[in-house]
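Notes for the one structure printed next.
Only this structure's heavy atoms are used, side chains among them; waters, hydrogens and symmetry mates stay out.
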Amino acid sequence: MMKEKNASSQDYFVLLGFSNWPHLELVLFVVILMFYLMTLIGNLFIIILSYLDSHLHTPMYFFLSNLSFLDLCYTTSSIPQLLVNLWGPEKNISYVGCMIQLYFVLALGTAECMPLVVMSYDRYAAVCRPLHYTVLMHPRFCYLLAVASWASGFTTSALHSSFTSWVPLCGHRQVDHFFCEVAALLRLSCVDTRANELTLMVMSSIFVIIPLILILSSYGVIAHAVLRMQSTAGLQKVFGSCGAHLLVVSLFFIPVMCIYLQPPTRGSQDQGKFIALFYTVVTPSLNPLIYTLRNKDVKGAVKRLMRWEREM
């Protein structure tokens, strides 16, 4: 007879991660470490530059800095633990550490949806309502949206984390993932978890489908306005700013939809790990490059900063 254990009685979990491919662990360690350092340097660069240069004190760069800070926190909530597990033989994580990691990964991942929506609305206001832009994107309104994104993420995560921690677990402690993830933890349960899985899918749909619809609606209106433009320079500027944001949206939402918006019985668990690795490691490192390459505002800010340093 299988003995059930409450989650609180588990002293630790074993994060299996990529144990099925021991010959790849060293390669993965080097690659992930490089992407993690790129994430730290690139996102810190955006945050510091946006703070120091007054020309970047705009709603767009306020939310871009917010997104960069979210990316920094999100990757740091799971990647250092993954690097430790890849480097050494021990792959354990304490029960308390696992629950803390679960809470912050969920909270920060959920909170990241809101800045992407607001940045698309910012582009809509700049392109379609330029005369009302300062009213539509008032600083107080921007701060409220930023607070709302963090609050929604941490509130939703509190619900999911609580529901997951209450599920009784069997003696089996091996989590088939590289971080403490809801679906992976639910597989350790001795009871029927279909209600938890349904709740996860419904909440994922709310925080993925609705933001995606809002983003696509904003860009649908922008596309309609762009088609009526006569100026080639104006078209290039719109495509430059909107194209970068659309690419970031695609890199974030497509992997998330592949994992969380399909029934848990479909797909390979190993495939899910690599998709999760992509949006946890690769996407946050690419965001700064996408937003800064060929960006005249950022290039101008860097030149002004270098000129200021020489004058000091």
Side-chain angles (χ1 to χ4, degrees), residues 39 42-43 46-47 50 56 58-77 104-129 133 136-137 139 141-157 203-223 238-261 275-276 278-293 295 297-298:
T39 299
N43 286 288
I46 288 178
I47 293 170
S50 300
L56 299 184
T58 63
M60 182 65 179
Y61 286 96
F62 169 75
F63 286 107
L64 181 56
S65 299
N66 194 48
L67 180 65
S68 294
F69 185 63
L70 278 168
D71 280 338
L72 281 175
C73 296
Y74 181 69
T75 53
T76 303
S77 66
F104 280 102
V105 167
L106 277 174
L108 297 165
T110 304
E112 195 159 338
C113 297
M114 182 71 82
L116 294 173
V117 175
V118 178
M119 289 167 76
S120 68
Y121 176 72
D122 174 85
R123 293 300 84 201
Y124 156 77
V127 175
C128 303
R129 306 285 298 277
Y133 181 79
L136 293 173
M137 300 303 295
F141 180 60
C142 293
Y143 288 125
L144 287 174
L145 289 174
V147 171
S149 69
W150 286 83
S152 63
F154 280 88
T155 303
T156 305
S157 179
M203 295 304 293
S204 299
S205 300
I206 292 172
F207 282 95
V208 173
I209 298 298
I210 293 177
L212 192 56
I213 290 173
L214 293 173
I215 290 170
L216 294 178
S217 299
S218 296
Y219 280 105
V221 178
I222 291 172
V238 170
F239 280 123
S241 60
C242 295
H245 184 244
L246 276 175
L247 182 56
V248 169
V249 167
S250 302
L251 289 172
F252 176 80
F253 281 101
I254 291 176
V256 170
M257 290 170 66
C258 290
I259 292 180
Y260 293 106
L261 296 186
I275 295 174
F278 180 84
Y279 74 75
T280 305
V281 179
V282 179
T283 300
S285 68
L286 294 180
N287 287 353
L289 295 175
I290 293 169
Y291 279 114
T292 56
L293 288 177
N295 187 315
D297 293 335
V298 173

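Applying the side chain to side chain contact (heavy atoms under 4.5 Å, CB included) rule to S250 yields the partners I254; only residues at least two apart in sequence or on another chain are considered. For S205, the side chain to side chain contact (heavy atoms under 4.5 Å, CB included) criterion is met by M201, I209, L261, not counting sequence neighbours. Under the side chain to side chain donor-acceptor pair (under 3.5 Å) criterion, Y279 pairs with Y260, not counting sequence neighbours. Qualifying side chain to side chain contact (heavy atoms under 4.5 Å, CB included) partners for V282, counting only residues two or more places apart in sequence or in other chains: F35, F278, L286. Residues passing the side chain to side chain donor-acceptor pair (under 3.5 Å) test with S77, sequence neighbours excluded: none. Under the side chain to side chain donor-acceptor pair (under 3.5 Å) criterion, S68 pairs with N43, not counting sequence neighbours. Among residues two or more places apart in sequence or in another chain, the side chain to side chain donor-acceptor pair (under 3.5 Å) test is passed with T155 by none.
Scanning both residues, D122 and P59, for their nearest heavy atoms gives OD1-CB, 3.6 Å.
Ring orientation note: the planes of F104 and F154 are nearly perpendicular, at an angle over 60° on the 30°/60° scale.
Without hydrogens or angle criteria, T75 side chain to L72 main chain gives a donor-acceptor distance under 3.5 Å.
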Using a 3.5 Å cut-off and no angle test, enumerate the donor-acceptor pairs between side-chain atoms of residues 142-150 and protein atoms at least two apart in sequence or in another chain.
residue : atom : partner : partner atom : Å
S149    : OG   : A146    : O            : 2.6
W150    : NE1  : N66     : OD1          : 3.1

Determine all donor-acceptor pairs shorter than 3.5 Å in which one atom belongs to a side chain in residues 106-121; sequence neighbours excluded.
residue : atom : partner : partner atom : Å
T110    : OG1  : L106    : O            : 2.8
S120    : OG   : V117    : O            : 2.5

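Listed by first and then second residue, the side chain to side chain donor-acceptor pair (under 3.5 Å) pairs that reach into residues 281-290 are D71-N287, sequence neighbours excluded.
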